[in-house]
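All values below were derived from every heavy atom in this structure, side-chain atoms included, with hydrogens, water molecules and symmetry-related copies excluded. As the structure is a computational prediction, the values presented were derived from the model and not from experiment.
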Amino acid sequence: MLERITGNTPLIKISDKIYGKLETYNPSGSVKDRMVQYTVKKARCYGDINEKTTLCEATSGNTGIALSAIAASLGLDCHIFMPSDMSEERRQMMRVYGANIIDAPPSNFEKAIEMRDHFMLSHKNVWSPNQFSNPDNVECHRTITAREISCQLESLGEKWGAFIHGSGTGGTI
């Protein structure tokens, strides 16, 4: 699995008081690799994912790319539900990993979530990270990402002053 190469991304100095975390160094290029790897690992430990499980998620991009990459590394099928007007480049990345993209109506993310939920109810041995409601999304960043940043800052003789992050699902914050 990709866990050995996920995380431990560089912390770079942008100015005297600002550092940036280069999450593009993760396997599929985003911070979502951390959450997906973490939740998949836990689900495998609990027996919720086995060699025949289908992974699925409603997403607009990065979580779907990360989930598609993890599914490919495990040899599992992956179904991604997303509004039909989402980025073609992101769709192509998911397809490269072998994901099946299922279109929801344009700009209708609620429908994508509904479609994912229906898929999970109507198929056996399906698992989703449920990025919007899974407390493991937040736990991952609290226990791993934050600790990693703290250690990196400490090694530079620095301390946290503030943390700023763009928000998608909000799990990182």
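Applying the side chain to side chain donor-acceptor pair (under 3.5 Å) rule to Lys111 yields the partners Glu114; only residues at least two apart in sequence or on another chain are considered. Under the rule for a side chain to side chain contact (heavy atoms under 4.5 Å, CB included), the partners of Leu11 that lie at least two apart in sequence or sit in another chain are Tyr19, Lys21, Gln152, Leu153, Leu156. In terms of the salt bridge (Lys or Arg N to Asp or Glu O under 4.0 Å) criterion, residue partners of Arg34 (sequence neighbours excluded) are, by chain and number, Glu23, Glu148. Judged as a side chain to side chain contact (heavy atoms under 4.5 Å, CB included), and not counting sequence neighbours, the contacts of Ala72 are Tyr97.
Contact of the Leu74 side chain with the Val40 side chain is registered, since non-hydrogen atoms from C-beta on lie closer than 4.5 Å. Counting heavy atoms from C-beta on, the side chains of Thr39 and Asn134 come closer than 4.5 Å. Taking the side chain as every heavy atom from C-beta outward, Glu154 and Lys159 never approach each other to under 4.5 Å.
At a threshold of 4.5 Å between side-chain heavy atoms, the hydrophobic network of Ile, Leu, Val, Met, Phe, Trp and Tyr places Tyr25 and Ile12 in one connected group.
The hydrophobic cluster around Met120 extends to Phe81, Ile102, Met115, Phe119, Val126, counting ILVMFWY residues whose side-chain heavy atoms fall within less than 4.5 Å of a member. The hydrophobic cluster containing Tyr38, built from Ile/Leu/Val/Met/Phe/Trp/Tyr side-chain heavy atoms closer than 4.5 Å, also comprises Ile144.
Here Lys32 does not pair with Glu57 in a salt bridge; the nearest charged N to carboxylate O distance is not below 4.0 Å. The pair Arg142-Asp136 does not meet the salt-bridge criterion, since no charged nitrogen lies less than 4.0 angstrom from a carboxylate oxygen.
The structure places CZ of Arg95 at 13.0 Å from CE of Met93, a figure rounded to the nearest 0.5 Å. Note: Met35 CE to Thr63 OG1 = 4.0 Å, rounded to the nearest 0.5 Å.
Side-chain contact, Thr6 with Asn26: no donor N or O sits under 3.5 Å from an acceptor N or O.
Taking both residues in full, the closest heavy atoms of Ser60 and Met86 are given as CB-SD, 3.4 Å, listed atom of the first, atom of the second, then distance. Pro129 and Cys56 make their closest contact through CD-O, 3.5 Å (heavy atoms, listed as atom of the first residue, atom of the second, distance).
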